[in-house]
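Here's the structure, in structure tokens; my notes come after.
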Amino acid sequence: DIEDALIFLPGVKLFLKLDNAVIGDIAQRMSLHRYDAGEHLIRQGAAGEHMLIIKQGKVKVNLEEKDIELGRGSVIGEIALLSGTPSKADVVAETDTEALALHRDEFQSLMEQHTELATVMTGLMKSRMFGADGINRLGKYKILSQLGEGGMSIVYDALDTVLGREVAIKMLKYEIAAKRDFKKRFKQEAVTIAKLTHPNILHVIETIDDYSTSFIVMEKLDGYDLKYYLQEQGVFSGRQTCDIISQLALALEYAGNKHNGGIIHRDIKPANIVLDYQGN
């Protein structure tokens, strides 16, 4: 079965960018399940404990709006697997079907061991976070669009459906989140920053753990970062420059004060400094 899986898995779209060593490790941790026509592969409301890859046969996903038919190479249950939340749909075998299953614990272990797999899952979540068939939701927040992306995170524009305000949500990439020590430090720093109150420091609203990663919910600013302004209009005037640096110095002095935790930013650059439409 493992040898057969090693032949089959490299052709699965989700794994196309993975090398043979990673695919071999995945294959060894998968189990083969067989289903008769009419049998459920996944029941709506069941906890997401397995990711299934259809090896042979056809299945139907029963959604409220429409039914979707899937066949060989299709991946099922990957988002429920990441979140551990109940499945939103029934998945039923239309024909006798074979599927390779990867359990949640094995999946998490693989992401910790293989950065390449974690990077693939970041790409998957990025494509599923919003849109016509997207997740479009994180707790009380409705995901509207992607605002930006850095080396460690992806930032989304979102709406707080309770308070009716726009916020920015930063999602820690899986290749970073899989490193437990870093994820713990990331959350600790977010909690520390949330305690800061200063007009020149972005306000952190809350942190959320979901989809096997961490999210930071922040205020949404009306403006652009300095990198954008420099690219679009060139250098600032002397007066503007002094004003910006003065405000920046006030923020750093406040954050660095021992009474506020003695926080050192360590990544001051134009892309991390936002100028709003009032010049703040």
Side-chain angles (χ1 to χ4, degrees), residues 1-18 22-23 25-111 114 117-139 142-143 171 174 209-213:
D1 284 344
I2 291 177
E3 290 181 2
D4 197 22
L6 283 170
I7 295 171
F8 167 69
L9 288 177
V12 175
K13 185 178 180 181
L14 184 63
F15 299 148
L16 287 177
K17 295 182 179 180
L18 300 180
V22 179
I23 289 176
D25 203 0
I26 294 172
Q28 290 184 24
R29 296 169 185 249
M30 300 190 92
S31 56
L32 183 66
H33 293 216
R34 294 182 172 87
Y35 305 88
D36 295 330
E39 188 176 353
H40 278 76
L41 282 74
I42 297 174
R43 289 187 181 274
Q44 184 179 14
E49 293 295 331
H50 294 86
M51 177 174 72
L52 297 173
I53 302 175
I54 305 302
K55 188 169 178 289
Q56 298 290 344
K58 293 182 179 181
V59 303
K60 182 178 287 186
V61 182
N62 302 132
L63 300 172
E64 291 183 3
E65 305 84 4
K66 59 181 178 180
D67 291 339
I68 300 175
E69 189 177 271
L70 301 173
R72 181 178 172 85
S74 296
V75 181
I76 304 168
E78 68 278 17
I79 299 301
L81 183 75
L82 286 170
S83 65
T85 56
S87 173
K88 295 181 179 179
D90 287 315
V91 181
V92 182
E94 286 198 297
T95 65
D96 291 348
T97 299
E98 291 184 354
L100 291 167
L102 183 64
H103 190 270
R104 180 176 174 80
D105 292 340
E106 297 285 8
F107 179 74
Q108 295 294 336
S109 177
L110 284 165
M111 283 213 296
H114 300 292
L117 178 60
T119 301
V120 165
M121 298 314 295
T122 292
L124 176 68
M125 275 300 292
K126 182 179 174 181
S127 68
R128 299 283 183 86
M129 208 62 193
F130 65 92
D133 298 315
I135 297 168
N136 298 319
R137 178 74 65 167
L138 181 70
K142 181 180 179 181
I143 307 298
M171 184 191 91
Y174 287 108
D209 280 343
D210 205 348
Y211 299 106
S212 299
T213 188

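All values below come from the heavy atoms of this structure, side chains included, with hydrogens, waters and symmetry mates left out.
Nearest heavy-atom pair across Gly134 and Asn136 is O-ND2, 3.1 Å. Considering every non-hydrogen atom in both Ala93 and Leu41, the closest pair reads N-CD1, 3.6 Å. The shortest heavy-atom contact between Asp96 and Asp36 is OD1-CA, 3.6 Å. Closest heavy-atom contact between Val75 and Ile53: CG2-CG1, 4.2 Å.
At distances below 3.5 Å, at least one donor-acceptor pair connects side-chain atoms of Arg72 with backbone N or O atoms of Lys55. Under the 3.5 Å distance criterion, the side-chain polar atoms of Asp90 are matched with a main-chain donor or acceptor of Gln44. With Thr95 contributing its side chain and Lys58 its backbone, the two residues share a donor-acceptor pair below 3.5 Å. The backbone N or O of Tyr174 sits nowhere less than 3.5 Å from a side-chain atom of Thr213 that would complete a donor-acceptor pair. The backbone N or O of Leu52 lies less than 3.5 Å from no partner atom in the side chain of His50, so there is not a single donor-acceptor pair.
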Fill in: Steps toward side chain to side chain contact (heavy atoms under 4.5 Å, CB included) verdict (Met125, Ile79)
CA-CA 8 Å; Met125 275 300 292; Ile79 299 301; 3.8 Å; yes

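Not a single salt bridge (charged side-chain N to carboxylate O under 4.0 Å, His left out) links Arg137 to another residue, sequence neighbours left out. Judged as a salt bridge (charged side-chain N to carboxylate O under 4.0 Å, His left out), and not counting sequence neighbours, the contacts of Glu94 are Lys60.
Residues Arg34 and Glu98 are paired through a salt bridge, judged by an N-O separation under 4.0 Å between the basic side chain and the carboxylate.
The OH atom of Tyr211 sits 11.5 Å away from atom CZ of Arg128, with the distance rounded to the nearest 0.5 Å.
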